Amino acid sequence: MFESKKPKKIWMNGKIIDSERANVHIMTHALHYGTGVFEGIRCYKTIQGPAIFRLRDHLIRLENGSKFYGMKIPYSLNQIETAAKEVVHENKLEECYLRPIVFRGAGPIGVDPTNAPVQIAIIAINMGKYFDEKKMETGITCMISSWRRINAKIIPPHIKATGQYINSVLAKTEAKKAGYDEAIMLNINERIAEGSGENIFIIKNKEIFTPPISEDILAGITRNSVIQIAKNEKFVVSERTLIKEDLYSADEIFMTGTAAEVTPVKSIDGKNIDNGVRGPITTILQKKYLDAVKGLDKNYMNWLTLV
Ligand SMILES: Cc1ncc(COP(=O)(O)O)c(C=O)c1O
């Protein structure tokens, strides 16, 4: 579960400050209009100390998203990278979840963000597993959401903008209320898109499939890592349009995300996937991924930034 304790220190607008002082004004533009962009990054305990997984890639996505929404970050990527390491160090964390956020601060009320200054903060919190620890083995239960994933013609789904997460909140809340762990959203063309905070993969006849970026998904960094790992393990991976029936008839399904890591899916809409146990290929990829993030596989050391 998401075990978050209030952090002691936050990096905000260039300085490490006490978390009690890391506040925003009620007229913060992002609070009213969702004008923010954020990241979720994990830092793992390794034998060389805490290491942040694919930090640069996450920060590039953050910078690209900020640029798209016309928010010029007043710090370079190198400075933000240093800040991320500093906040882990200052909170004396061995492993944690990092949440950088760029947003429009207090400004005039009105949709036009021009006069709301761009702010940036990085939070580091303790986090265990996203789902129950034992579900990393037994798998989570999912439902096909009645909510459709936002469409690229309305809001670009490949950017992690704060406002668009209201779509994920609707899907997640519906799933939880109905007794499931997670929601899987179709896009408006009735094809499989992704979870509320995860990408999705299926396995059929030993081949691995995942929806392409054009299906209104976030280009997940975990998704990309798992594709690279799977190819290195000589699995065939294809980005292919998937429909609901592909899920019901899959041999294995798993979801990927920084928070969720590689999580097996046990059932969808109450129907077990195969026997309803973690499948053999999911087991291999989950282990390989966890080895990579923890610095236990020398092939993936370049994905780690030591703090
Ligand atoms: C909607 C959505 N899809 C997929 C992902 C997985 O992305 P990543 O692997 O980069 O964390 C996330 C998490 O950030 C997400 O919010």
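In what follows, residues are counted from 1 in the order of the sequence shown. As the structure lists them, so they are numbered: ligands from 1, and atoms in each ligand from 1. What you see is a predicted model; the values in this text were computed from it and never measured.
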J.: Could you establish whether Arg61 and ligand 1 come within less than 4.0 Å of each other, counting only heavy atoms on the residue side?
T.: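 In this structure, Arg61 qualifies as a contact of ligand 1 - some heavy atom is under 4.0 Å.
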
J.: Is the ring centre of Phe53 less than 6.0 Å from the ring centre of Tyr289?
T.: yes

J.: Show me which atoms of ligand 1 lie under 4.0 Å from any heavy atom of Asn199.
T.: 4 (C), 6 (C)

J.: May I ask you to list the atoms of ligand 1 that are less than 4.0 angstrom from any heavy atom of Gly220?
T.: 7 (O), 8 (P), 9 (O), 10 (O)

J.: Salt bridge or not between Lys134 and Asp132? Use side-chain N to carboxylate O under 4.0 Å.
T.: yes

J.: Does a side-chain N-to-carboxylate-O contact under 4.0 Å join Lys8 and Asp18?
T.: no

J.: If we only count heavy atoms from C-beta on, is the Ile243 to Glu190 side-chain gap below 4.5 Å?
T.: no

J.: What protein heavy atom sits nearest atom 9 (O) of ligand 1, and how far away is it?
T.: Thr222 OG1, 2.6 Å

J.: Would Glu215 and Arg149 pass as an ion pair if we require N to O under 4.0 Å?
T.: no

J.: For Lys160, counting its heavy atoms only, list the atoms of ligand 1 lying under 4.0 Å from any of them.
T.: 13 (C), 14 (O), 16 (O)

J.: Please report which non-hydrogen protein atom sits nearest to atom 16 (O) of ligand 1, along with the residue it belongs to and the distance in Å to one decimal place.
T.: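 The closest heavy atom on the protein side is Tyr165 OH, 2.4 Å.
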
J.: For ligand 1, is any non-hydrogen atom under 4.0 Å from Ile221's backbone (N, CA, C, O), its side chain (CB onward), both, or neither?
T.: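 It is both parts that get close, each with some atom under 4.0 Å.
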
J.: State whether the shortest distance between N or O atoms of Gly195 and N or O atoms of ligand 1 falls below 3.5 angstrom.
T.: no

J.: Quick one: look up the protein heavy atom nearest atom 11 (O) of ligand 1 and list residue, atom name and how far away it is.
T.: Thr258 OG1, 2.6 Å

J.: Can you confirm whether Glu252 sits close enough to Pro280 that some side-chain heavy atom of one is under 4.5 Å from a side-chain heavy atom of the other?
T.: yes

J.: Is Asp246 salt-bridged to Arg240, cutoff N-O under 4.0 Å?
T.: yes

J.: May I ask you to say whether Arg56 pairs ionically with Glu81, meaning some side-chain N is under 4.0 Å from a carboxylate O?
T.: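 Salt bridge: yes.
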
J.: Does Glu194, backbone or side chain, put an N or O under 3.5 Å from an N or O of ligand 1?
T.: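 Yes, Glu194 has an N/O under 3.5 Å of an N/O on ligand 1.
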
J.: Which ligand 1 atoms are under 4.0 Å away from a heavy-atom of Ser196?
T.: 1 (C)

J.: Identify whether the distance between the nearest side-chain nitrogen and carboxylate oxygen of Arg99 and Glu39 falls below 4.0 Å.
T.: no

J.: Please classify the Ala260 to ligand 1 contact at 4.0 Å (heavy-atom distances, strictly less than): side chain, backbone, both or neither.
T.: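 Contact part for Ala260 vs ligand 1: neither.
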
J.: Checking a contact table here: which protein heavy atom is nearest atom 5 (C) of ligand 1, and how many Å away?
T.: Gly197 O, 3.5 Å

